[in-house]
Amino acid sequence: MGLLSTLLEPLGPYCQELSKLGTPLLLVFGTVSFIVLSVVLNVLNQLLFKDPTKPPMVFHYFPFFGSTIRYGMEPYVFFQDCQKKHGDVFTYIMLGRKMTACLGPKGNDFVFNGKLSDVSAEEAYSHLTTPVFGEGVVYDVPNNILMEQKKFMKFGLTVETFKAYVPLIVEQVEDLVKRSKYFKGPRGTAPLSNIIPELTLFTAARTLQGKEIRDALDGSFAGLFHDLDSGFTPTNFLFPWFPFPANKRRDHAQRTMAKFYMNIVKKRRAAAADGAEHSDMIWNLMDRTYKDGRKVSDRHVAHMMIALLMAGQHTSMATTTWILLHIADQPELVKELFAEQQRVFGKDLAPLAYEKLAECTLLNHVIRETLRIHPPLHSIMRKVKSPMHVTDTNFVIPAGHYILGAPGVSAMDEKYFKNPLAFDPFRWVGQGAEDEGEKIDFGFGMISKGTASPYLPFGAGRHRCIGEQFANVQLATILATWVRMFELGYPEGCGVPKPDYTSMIALPAQPSMISWIKRDP
Ligand code: HEM
């Protein structure tokens, strides 16, 4: 109080003058003074009070907003600048939250391998995901239930189902190209930002979600999906429950889509044992029982289906778009990919098949390299529940703060990958799968423990992605089909666009134009 009145004392005569000017001006003056004062106090606090037991704080002028804009616009530039200044561990302010970034392979390990008693993913994500997925699933349940739900979902992602999915994905790609206004005639240009979201949605819907959902996407379901998807916005980090019109549309879409899935479950139960195709995820989730004897309700089946659709759509859509943009930039690579198709499937290009896709090494290296430079999730967050000592430092991160991993930073670091910004699928030649090494089971099957790795596009630890194999089948099938259909390039003046991080996923800037020539017009 003493310091405050000393600071404000010189302003006394100005305040008297301003009081003559009336309420609106006083309000403006009051607001400006409040902002100036809080900036001054915030700066003084950072300069004068440094606590050696806490990670260094990234300098910022405005309390609450802190580094939100710098981080939100260019997360990698922000992380790399801070890393140069402060090392691998530093804290920054994002919308009032204290975020401690832990970079490099050790940082990846610290975040992904955080003990259940120390960190919580649900407290970091639930406010954003629960209104979209629905209650009772994923981050709206205790971690042991999430592990069981992941196990149920993983049961539906088997080699047998993948074999059945490959021809379904090919069919969707060919059908979309045939119907699209962007692919008329023997050659042309196309905006990938308009095409790929539908392509990945239709392929995931037809395979994982079943024929009913795929067919519904040609009607009102597409609009509902879009409204629900709009729930994932940076604003909703702060105001997920605020009745903005967009949030009302999100809630309506969530309820309607959940009902749609529940009706499918009901109909399928009624017509059980009909001998029809039973390979999709809805069949897999029906009639599951938790360890404590509770049955998974139809509502929770519906909510898990929504969660799977959402988790896979953004990540696969971003990756597919980046893959096509990078190969369009290297026409020689497209030629080699086509030659590989002919080598593996014969000159007449036999239909794609799951087992044979694994033999297409260049194709798989292209996917791997794309995920190195463009991991769709650039930030992995956990809320700290009890103070955490950062290995090899004096730092202790207090409860209530957040820790953040960004494996994309180590994946683009010269220390681990030579010429890290170049798109070079051949760098993976002779390298084993990243899933090798010690294994561990968190309750949803054995996974690689390798968290201290510089390359972790699918995460690690108890929250590791369960959709990795499905995503690889989907991406490989789409890429192979595309290469069989087209030669690719760029229209005059276009090239690989810059990433746009404003939607929280690392997407290429719109419209992402490419040019194409049909191999078989
Ligand atoms: C978790 C990446 C596709 C379902 C994750 C995580 C990452 C990731 C990094 C860990 C998140 C964390 O630790 O906070 C990717 C990438 C994909 C992809 C790069 C495609 C290129 C998919 C697909 C599905 C899916 C297709 C569904 C079929 C999930 C689920 C989780 C998860 C259920 C678990 C969340 C948890 O345990 O907290 N994914 N994913 N993902 N992903 Fe994926």
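For ligands, and for the atoms within them, numbers begin at 1 and follow the listed sequence. Please read all numbers here as calculations on a predicted model, not as lab measurements.
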Engineer: With side chain to side chain donor-acceptor pair (under 3.5 Å) as the test, would you mind laying out the steps for Y290 and Q149 before giving the verdict?
Structural biologist: CA-CA 8 Å; Y290 291 111; Q149 293 181 344; 2.8 Å; yes

Engineer: Considering only protein heavy atoms, which is closest to atom 21 (C) of ligand 1, and at what distance to one decimal place?
Structural biologist: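 Scanning the protein heavy atoms, the shortest distance from atom 21 (C) of ligand 1 goes to T319 OG1, 3.5 Å.
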
Engineer: Is the closest side-chain donor-acceptor distance between Y165 and T477 under 3.5 Å?
Structural biologist: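 Result is no, nothing qualifies.
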
Engineer: Could you list which atoms of ligand 1 come closer than 4.0 Å to a heavy atom of F470?
Structural biologist: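 Selected atoms, number and element: 26 (C).
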
Engineer: Are R268 and E212 within salt-bridge range, i.e. N to O under 4.0 Å?
Structural biologist: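 Salt bridge present between R268 and E212.
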
Engineer: Hey, are T203 and Q172 close enough side-chain-wise for a donor-acceptor pair under 3.5 Å?
Structural biologist: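 No.
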
Engineer: Give the atom numbers and elements of ligand 1 that come within less than 4.0 Å of a heavy atom of P376.
Structural biologist: 19 (C)

Engineer: Distance to the ring centre below 6.0 angstrom and angle to the axis at most 45 degrees; does that hold for R427 and F417?
Structural biologist: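 No, a cation-pi geometry is absent between R427 and F417.
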
Engineer: Which residue owns the protein heavy atom closest to atom 35 (C) of ligand 1, what's the atom, and how far is it?
Structural biologist: Y139 OH, 3.3 Å

Engineer: Report yes if the side chains of R70 and V58 come closer than 4.5 Å at any heavy-atom pair, otherwise no.
Structural biologist: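 Contact flag for R70/V58 side chains = yes.
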
Engineer: Check each heavy atom of L208 against ligand 1 and say whether those closer than 4.0 Å belong to the side chain, the backbone, both or neither.
Structural biologist: side chain

Engineer: Which protein N, O or S atoms sit under 2.8 Å from atom 43 (Fe) of ligand 1?
Structural biologist: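 Near atom 43 (Fe) of ligand 1, below 2.8 Å, one finds C465 SG.
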
Engineer: What protein heavy atom lies closest to atom 27 (C) of ligand 1? Include the residue and the distance to one decimal.
Structural biologist: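 In this structure, atom 27 (C) of ligand 1 has L308 CD2, 3.5 Å as its nearest protein heavy atom.
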
Engineer: Got more than 12 heavy atoms from elsewhere within 6.0 Å of CZ, R299?
Structural biologist: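 Count not over threshold, so no.
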
Engineer: Could you see which bit of K150 sits under 4.0 Å from ligand 1, with heavy atoms only: side chain, backbone, both or neither?
Structural biologist: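 K150 to ligand 1: side-chain contact only, backbone stays beyond 4.0 Å.
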
Engineer: What protein heavy atom lies closest to atom 9 (C) of ligand 1? Include the residue and the distance to one decimal.
Structural biologist: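 I find the closest protein heavy atom is P457 O, 3.3 Å.
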
Engineer: Check this for me: does any side-chain nitrogen of one of D392 and K106 sit under 4.0 Å from a carboxylate oxygen of the other?
Structural biologist: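 Looking at K106 together with D392, the answer is yes, because their closest N to O distance falls below 4.0 Å.
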
Engineer: At less than 4.0 angstrom from any non-hydrogen atom of F112, what atoms of ligand 1 do you find?
Structural biologist: 13 (O)

Engineer: Name every donor-acceptor pair, under 3.5 Å, that has one atom in a side chain of residues 89-103 and the other anywhere in the protein, sequence neighbours excluded.
Structural biologist:
unit_1	atom_1	unit_2	atom_2	d
T91	OG1	T100	OG1	2.8
R97	NH2	H127	NE2	3.2

Engineer: Side chain of N364, backbone of L357: donor and acceptor closer than 3.5 Å?
Structural biologist: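 Checking the backbone N and O of L357 against the side chain of N364, a donor-acceptor pair under 3.5 Å is found.
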
Engineer: Just need the protein heavy atom nearest to atom 10 (C) of ligand 1, so name the residue and atom and give the distance.
Structural biologist: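 The answer is H463 O, 3.3 Å.
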
Engineer: For R382, is at least one N or O under 3.5 Å away from an N or O on ligand 1?
Structural biologist: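 Checking ligand 1 against R382, an N or O pair does fall under 3.5 Å apart.
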
Engineer: Do me a favour and list the nearest non-hydrogen protein atom to atom 14 (O) of ligand 1 with residue, atom name and distance?
Structural biologist: Y125 OH, 2.8 Å

Engineer: Can you spot which of L325, L337, I514 makes a side-chain contact (heavy atoms from CB on, under 4.5 Å) with L488?
Structural biologist: I514

Engineer: Which atoms form the tightest heavy-atom contact between L285 and M305, and what is the distance?
Structural biologist: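 Nearest heavy atoms, L285 then M305: CD1-SD, 3.9 Å.
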
